[in-house]
Amino acid sequence: MSRLQVVSGKGGTGKTTVAAALALALATEGKRTLLVEVEGRQGIAQLFETEALPYEERKIAVAPGGGEVFALAIDPELALLDYLQMFYKLGGAGRALKKLGAIDFATTIAPGIRDVLLTGKACEAARRKEKSGRFVYDYVVMDAPPTGRITRFLNVNDEVAGLAKIGPIHNQAQAVMGVLKSPQTAVHLVTLLEEMPVQETADGIAELRAARLPVGRVVVNMVRPQVLDADDLELVRTVERSSVARSLATAGLGGARRGGNAEKLVGPLLEQAAEYAERHALEQEQRAVLGELGLPLHELPLLAEGMDLAGLYELATELRKQGLS
């Protein structure tokens with residue numbers, strides 16, 4: 001598995017949930033994972049039922065087998081201060097610039113600077129080593145921006161390296177792209193079995209490939225359980241109403257002794273079955289589209305109880321079963 005795992009997806013597909021579950025799955029069996037948030041939504045803190053994350057790497061969970069999950073919510077302003085200190089030794093001067101509002105100006109006005117800082121911080125964490133030479137984190141998982149802007153987000157350092165021909169900015173941008181465009185990185189896309197998310201996933205993969213960014217896998221989230229098999233679906237299309245009514249009456253559901261209500265049950269039952277059959281057919285069509293993308297495909301179930309911490313561990317276990325760890 002690549003050391004830097006980037007997770008993107010159309011809004012509403014559950015990409016943050018998948019990123020968190022992936023971080024747990026990768027930390028199993030004694031590994032150490034850093035889960036990075038770059039959009040400032042504190043979605044990770046909500047999933048792990050903890051307080052808002054500060055700009056520091058904080059342990060938030062223990063994975064099965066004793067592994068550890070740390071989390072970091074990257075603040076672009078503080079990341080820029082880190083950058084100024086690292087490359088220009090502007091510790092005190094950098095803090096003065098922050099008080100003057102220059103840092104806020106740089107991270108909101110300067111084109112692409114926020115994305116440079118966010119990707120740079122994640123790559124630094126993936127490359128960081130202890131004095132012994134061992135990596136501090138076995139894996140870094142980034143909950144990245146949505147599919148519509150993931151390629152520009154990851155590729156911004158290429159643009160910066162082209163603008164700054166020499167110096168530390170150029171060198172830092174090249175170092176970041178050296179990680180992002182190498183086998184050290186994999187970009188996974190999360191989707192639902194619906195036409196719009198699947199189309200956006202296909203478009204996103206095409207853009208990533210055109211930019212020579214390493215595409216990983218497709219994760220289909222919130223997959224509904226299969227209720228009817230192929231024979232049942234065929235029966236839904238061909239069965240006669242009277243036959244269904246007799247079967248209900250025989251089973252004691254709305255039969256003659258109860259006022260002859262079996263016929264009244266037939267309509268709603270067949271309507272629900274027809275809706276299921278239609279949805280099943282549409283989902284199969286979208287599976288076929290995803291299958292043509294030529295990437296490993298994984299499916300995560302829709303949790304009937306909703307998403308909580310226990311559900312997150314359940315999804316992590318499912319990812320491990322499917323080999324995404």
Side-chain angles (χ1 to χ4, degrees), residues 1-2 5-22 25 141 143-154 183 185-239 269-304 307 311 314-325:
M1 290 289 288
S2 303
Q5 306 276 316
V6 180
V7 180
S8 181
K10 179 177 170 57
T13 60
K15 69 177 180 64
T16 299
T17 299
V18 173
L22 178 59
V141 179
D143 177 22
T147 318
R149 71 182 194 92
I150 185 62
T151 300
R152 176 67 187 276
F153 172 77
L154 295 176
T185 298
V187 185
H188 309 300
L189 297 184
V190 181
T191 186
L192 305 177
L193 286 176
E194 298 173 6
E195 185 175 359
M196 287 186 63
V198 167
Q199 184 59 55
E200 190 162 316
T201 298
D203 293 342
I205 290 170
E207 291 177 2
L208 288 166
R209 285 172 169 166
R212 303 193 312 279
L213 289 161
V215 185
R217 304 166 185 236
V218 174
V219 180
V220 183
N221 196 23
M222 295 185 274
V223 177
R224 297 179 180 89
Q226 180 171 329
V227 178
L228 304 176
D229 60 21
D231 291 338
D232 294 330
L233 290 169
E234 179 61 27
L235 188 61
V236 168
R237 289 188 284 269
T238 59
V239 69
L269 283 174
L270 290 180
E271 183 177 338
Q272 285 190 10
E275 289 176 357
Y276 174 84
E278 182 180 4
R279 187 179 73 236
H280 181 270
L282 291 173
E283 290 176 346
Q284 289 299 94
E285 289 177 7
Q286 298 311 311
R287 277 194 179 94
V289 173
L290 293 172
E292 294 174 356
L293 298 176
L295 294 173
L297 192 63
H298 304 267
E299 295 193 5
L300 292 176
L302 174 66
L303 301 181
M307 180 51 59
E314 183 179 337
L315 294 183
T317 299
E318 186 62 32
L319 286 174
R320 285 190 59 79
K321 286 180 181 178
Q322 296 186 30
L324 216 170
S325 63

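Sequential numbering from 1 along the given sequence is applied to the chain's residues.
- Checked against side chain to side chain contact (heavy atoms under 4.5 Å, CB included), Glu285 has the following partners two or more places apart in sequence or in another chain: Leu282.
- Leu303 and Gly311 get closest at one heavy-atom pair: CD1-CA, 3.6 Å.
- Distance check: Thr151 OG1 to Arg209 CZ gives 11.5 Å after rounding to the nearest 0.5 Å.
- The CD atom of Gln286 sits 8.5 Å away from the CD atom of Gln199 when rounded to the nearest 0.5 Å.
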Would you mind writing out the side-chain donor-acceptor pairs for residues 212-223 within the sub-3.5 Å range, not counting sequence neighbours?
residue	atom	partner	partner atom	Å
Arg217	NH1	His298	NE2	3.0
Asn221	ND2	Thr13	O	2.9

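- More than 12 heavy atoms of other residues, nucleotides or ligands sit less than 6.0 Å from atom CE of Met1.
- We find the CG-CG distance between Leu324 and Leu297 to be 10.5 Å, quoted to the nearest 0.5 Å.
- Residues Thr201 and Val190 approach most closely at OG1-O, 4.1 Å, considering heavy atoms.
- The two residues Lys10 and Pro197 make their nearest non-hydrogen contact at CD-CA, 3.8 Å.
- Nearest heavy-atom pair across Ala202 and Leu293 is CB-CD2, 3.9 Å.
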Show every donor-acceptor pair shorter than 3.5 Å between a side-chain atom in residues 14-22 and any protein atom, with sequence neighbours excluded, or say none if there are none.
residue	atom	partner	partner atom	Å
Lys15	NZ	Glu39	OE1	2.8
Lys15	NZ	Asp143	OD1	2.8
Lys15	NZ	Ala144	O	2.6
Thr16	OG1	Arg41	NH2	2.8
Thr16	OG1	Asp143	OD1	3.4
Thr16	OG1	Asp143	OD2	2.7

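- No side-chain heavy atom of Asp203 sits under 4.5 Å from any side-chain heavy atom of Thr147.
- To the nearest 0.5 Å, atoms OG (Ser8) and CD (Glu200) are separated by 8.0 Å.
- Partners of Glu195 under the side-chain hydrogen bond (donor to acceptor under 3.5 Å, both in side chains) rule, at least two apart in sequence or in another chain, do not exist in this structure.
- Residues meeting the side chain to side chain contact (heavy atoms under 4.5 Å, CB included) test with Glu283, sequence neighbours left out: Leu193, Arg224, Arg279, Arg287.
- Within the model, atoms CG of Leu208 and CG of Leu189 stand 6.0 Å from one another, a figure rounded to the nearest 0.5 Å.
- Applying the side chain to side chain contact (heavy atoms under 4.5 Å, CB included) rule to Glu292 yields no partners; only residues at least two apart in sequence or on another chain are considered.
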